[in-house]
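Naming convention: chains lettered A, B, ... in sequence-line order (proteins, then strands); numbering from 1 in each chain.
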Amino acid sequence: MKVDFSKPYDPNKVEKNIYKKWEKSGYFNPDKLPGKRPKSFTVMMAPPNITGHIHVGHALENILSDIVIRKRRMQGYKALFLPGKDHAGIAAQYVVERELRKENKTRFDLGKEKFLEKMWQWMKENGDAIDQELKLLGLSCDWTRGRFTMDDEYQEAVKAAFEHYYKKGWIYQGKRIINWCSRCQTSISDLEVEHVEEKGSLWFIKYPLEAGGFITVATTRPETMLGDAAVAVHPSDPRYKNLVGEKARLPIKDRTIPIIADKEIDQKFGTGAVKITPLHDPLDFEIALRHKLLSYEVINQQGRMTKEAGSICMGLKTLECRKKVVEALREAGLLEKEEEYIHRIGRCERCQTIIEPLVSLQWFLSMRELAKKTRQVVRGEKITFIPPQRKKIFLEWLRQVKDWNISRQLWWGHRLPVWKHDPVCIPKRGREKDIEKCIDMVVSKTEPACKHCDARYKQIPDVLDTWFSSALWPFATLEWPQKTKDLKTFYPTDMISSAREIFFLWIVRMVFSGLEFTKKSPFKTSYTHATVLDQKGRKMSKSLGNVVDPIVMIEKYGTDALRFGLTWQTMGTQDIHWSEEALVAGKKFLNKMWNAARFVLERNESPPEALLALRSLGEAGARGDYFKKPHPKTKEDRKILESLKKTKKEVTRHIDHYQFGHALHKLYDFFWHDFCDQYLESSKKQLGDPALKTRTQEILVLVLTDCLRLLHPFLPHITENIWEAVRASSKDLLMVESWPK
RNA sequence: GAGCCUAUAGCUCAACGGUAGAGCGCUCGCUUCACACGCGAGAGGUCGAUGGUUCGAAUCCAUCUGGGCUCACCA
């Protein structure tokens, strides 16, 4: 017996060595698995952002995937768990910019080239650290297939996807109102704007009417009045019906603006009259289009007032300008009142800067056709959602989705494969008429050449929304658009495990991308795991100091105990209120297993494998007859064998239904109470009876080894370690042994 | 404004139509030959509130009240 059963069980002594053995075996790579494996089973890891360390959510997410993968591997599948990392455009860029700020520098001080060098350096250092942390979780990932969303091959996939959409006419450039972050200096999508409830004011401003009297408008942003183009009321509002078509004087700017009627105006809000600022509010932008209003840009991309705002306000930040405007209105007697008002302010998800709705030239992906097709497929039960309510949420979001702003003015990310003739085409002598044929903007994977002149095309500086590339993850990781063997073997994938917060950002977009590019749903099951909150149900955050670091937990209890604790708490609820006690329970359970195994093995003079004729997978194991079934001789024998049979069935069923906590609870109860408390105790008597001794040994070994198999996906290290003692001569690891039937 | 989740022992959670269970913690006893990270015994719950369906409800329905989440252009 090579395994040292010194007591009590110490995970630090075994876990790292076990992981090395698995890595050395090559079995993480599905191509190297023993036996004939006609069927594949694939899980793509949700690639962690390179922004920092893994948190407890990553731990939960990947441990659950690993449970599924390990079970399937044991069931004889060609099991692939593909790991990776996401370049995380805006998030990663922000983190590195924050580092720069410590040296009082901005990315602009460094320049694009130097800054990108820094990003790659960050990626290298952090990316490796993340892999190491994931390995500490005991994940059975195929590291040889690890991917990064900015790998060369991946860049090709992104370009191909862009080109495909462009050719279909679904990608277009347009001047539209978008969310602008003045700190990040980029547009961001609606999903990246965080709406936070904050205390503000509602100002009631009197706009003098040309015909005499006033019309009062209510606004939370008085500074935008400098860019007002109209006052709008509801067409059937009796208070204002006779004013529609009249003119008002815009205070301060002293400009004449029309009073218009639009059905979008809510009569019940404020005074029922709304100031329209076409370029700085999404609804106003639409109304202005409908009514063909003039537009005035008063806020720029730096979040400061423009020349158009007037000489007193020019250059001021919006909030400074707000004070000035309110003051001026008060002096002029045009401020009717100021009410306290709680409203939701949009802030940049990354840097918390207030988002400015601005009109800007951006690239968009039309969602119409994609959404339509995807909804059809998903409605047709092609994807299983766990928990099932997710399906409705999926469909509802797609029902109302708007076109996706896919361009970002960041530096870190996939450049749009769009090339602009720069400088403009100046045809060689005698070919002046060619200027009409020259295409100013070209979408191409490589640099195009102009047929008419010597000038070159330059790639536009914009990069893609990071989720554009993430959306391709399930197949781009397998070298799509190349028709590789891997793509054929491992795609579509079987299950994806992800956090709730990226359901729309990622899950939905993977589905429509998969359907568009591969004609298949990228996964069969979308599992949305619980969010891990602190014990009071609050989100974990550095400022609250309630963050649980999985690596610290591993140092304290070991990986298996962490896996136990997290799985133990996964009971199908929306949130997990973190309890470290579950890890304590895990640690105790591991020790219990350790000691039960020692008992069973010490009571056997002959090697346990001889008792059960253990065979490795690929031989008899693949057929499920890896042991000879001992027949019960006593009522205790019968009871434990029946209970074991039931447990196997239920555990398998629970895992297949993604009921991870239930599966583990079942195993815990069986092992501790049925096996240890009852059978192990009665075996002590039976072992003393020569007529029962051998049979009792057989049953002890059978139950122990079946438990090791069943528990392996959950607690891979300790089970593998005990397995070493069970199989004295056979070579194979427990991770490729067969799953009990 | 719309939708969703949740309320059970001190804490974290099971049970989902038929006399309330686990883990952790707590009390008492036990170093009994696998395990004191253990064994044995025990305390601890009007199953958020109200009303309804039912022979029977923590479990189904309605309303309410706490927690929490998501979506939406409310100025």
Side-chain angles (χ1 to χ4, degrees), chain A residues 5 7-11 177 179 190-191 195 200 202-205 217-222 224-225 228 231-232 264-277 280-287 341 343-344 346 357 387-390 392-393 396-397 399-402 500-501 503-504 530-531 533-539 557 561 564-565 568-603 659 661-662 664-666 668-669 672-673 675-677 680-681 683-684 687-688 700 704:
Chain A
F5 274 110
K7 60 182 177 177
Y9 175 63
D10 180 2
I177 197 151
N179 309 296
D190 294 345
L191 287 170
H195 292 275
L202 193 58
W203 285 273
F204 291 76
I205 306 170
V217 298
T219 182
T220 55
R221 302 196 58 193
T224 60
M225 69 164 286
D228 278 3
V231 171
E264 285 295 313
I265 304 302
D266 180 0
Q267 298 184 47
K268 278 171 275 172
F269 186 88
T271 60
V274 186
K275 56 188 275 318
I276 301 298
T277 318
H280 302 289
D281 180 275
L283 178 61
D284 292 4
F285 184 72
E286 275 176 38
I287 291 176
Y341 184 65
H343 61 145
R344 273 158 226 91
Q389 306 90 273
R390 284 279 126 195
K392 204 177 137 193
I393 297 169
E396 183 53 27
W397 188 78
R399 196 183 60 76
Q400 53 82 42
V401 73
K402 291 186 294 184
R500 239 191 352 259
E501 63 176 5
F503 191 70
F504 303 126
T531 306
L533 305 173
D534 76 0
Q535 224 172 65
K536 290 177 186 158
R538 300 172 305 180
K539 244 185 162 169
Y557 299 100
F564 181 101
W568 186 257
Q569 295 179 72
T570 301
M571 299 303 291
T573 47
Q574 173 182 259
D575 301 318
I576 286 174
H577 291 199
W578 171 259
S579 97
E580 200 170 313
E581 290 80 56
L583 275 70
V584 174
K587 188 177 161 239
K588 291 182 176 183
F589 183 64
L590 297 176
N591 193 51
K592 190 73 174 172
M593 285 170 67
W594 193 245
N595 284 297
R598 171 163 57 184
F599 174 85
V600 172
L601 295 167
E602 278 175 0
R603 299 304 166 106
Q659 302 269 25
H662 288 89
L664 185 59
H665 278 81
K666 190 81 217 158
Y668 180 97
D669 284 344
W672 201 302
H673 301 116
F675 185 46
C676 294
D677 289 351
L680 226 124
E681 289 308 320
S683 79
K684 288 173 184 172
L687 288 166
L700 282 170
L704 175 69

Spacing of Glu681(A) atom CD relative to C39(B) atom C1', expressed in whole Å: 9 Å
Closest to the Asn591(A) side chain, choosing from C35(B), A75(B), A14(B): C35(B)
Sugar-phosphate only, base, or nothing, as touched by Thr573(A) at under 4.0 Å among non-hydrogen atoms: sugar-phosphate
Side-chain N,O (Tyr341(A)) to OP1/OP2 (A75(B)) below 4.0 Å: yes
For Tyr341(A), side chain to side chain contact (heavy atoms under 4.5 Å, CB included) partners two or more places apart: Leu202(A), Thr220(A), Phe269(A), His343(A)
Pair listing, salt bridge (charged side-chain N to carboxylate O under 4.0 Å, His left out) test, anchored in residues 573-586 of chain A, at least two apart: Arg500(A)-Asp575(A), Lys556(A)-Glu580(A)
Sugar-phosphate only, base, or nothing, as touched by Asp284(A) at under 4.0 Å among non-hydrogen atoms: nothing
With sequence neighbours excluded, residues passing salt bridge (Lys or Arg N to Asp or Glu O under 4.0 Å) with Lys402(A): Asp190(A)
With sequence neighbours excluded, residues passing side chain to side chain contact (heavy atoms under 4.5 Å, CB included) with Val401(A): Met367(A), Ala371(A), Trp397(A), Leu398(A)
Residues in side chain to side chain contact (heavy atoms under 4.5 Å, CB included) contact with Ala273(A), at least two apart in sequence or another chain: Ile215(A), Val217(A), Val231(A), Val233(A), Tyr240(A), Thr271(A)
Base-paired stems in RNA chain B, each at least three Watson-Crick or G-U pairs under 3.5 Å: B:1-7 with B:65-71, B:10-13 with B:21-24, B:26-30 with B:38-42, B:48-52 with B:60-64
Rounded distance [0.5 Å steps], CG in Leu590(A) versus CG in Asp10(A): 11.0 Å
Phosphate contact (A15(B) OP1 or OP2) by His665(A) side-chain N/O below 4.0 Å: no
Summary of protein contacts for nucleotides 66-71 of chain B, nucleotide by nucleotide, where a base hit scores B, a sugar-phosphate-only hit scores S (4.0 Å, heavy atoms): --BSSS
Glu501(A): salt bridge (Lys or Arg N to Asp or Glu O under 4.0 Å) partners, not counting sequence neighbours: none
Touch class at under 4.0 angstrom, heavy-atom based, for Leu680(A) against every strand present: base
Sugar-phosphate, base or nothing in reach of Gln535(A), heavy atoms under 4.0 Å: sugar-phosphate
Set of residues satisfying side chain to side chain contact (heavy atoms under 4.5 Å, CB included) with respect to Lys684(A), sequence neighbours excluded: Phe599(A), Glu681(A)
Spacing of the P atoms in A49(B) and A9(B) (rounded, Å): 11 Å
Residue Gln569(A), side-chain atoms from C-beta onward, closest of A75(B), U12(B), A15(B): U12(B)
Partners meeting salt bridge (Lys or Arg N to Asp or Glu O under 4.0 Å) with Lys592(A) (sequence neighbours left out): none
Any Lys392(A) side-chain nitrogen or oxygen under 4.0 Å from OP1 or OP2 of G3(B): no
Spacing of Arg221(A) atom CZ relative to C74(B) atom P, expressed in whole Å: 14 Å
Qualifying residue, where the test is ring pair (Phe, Tyr, Trp, His ring centres under 6.0 Å) with Phe589(A) and the options are Trp594(A), Phe564(A), Tyr557(A): Phe564(A)
Review item, nucleotides 23-27 of chain B N/O atoms under 3.5 Å of protein N/O:
residue : atom : partner   : partner atom : Å
G25(B)  : OP2  : Lys588(A) : NZ           : 3.4

Any residue meeting salt bridge (Lys or Arg N to Asp or Glu O under 4.0 Å) with Asp534(A), in chain and number order, not counting sequence neighbours: Arg538(A)
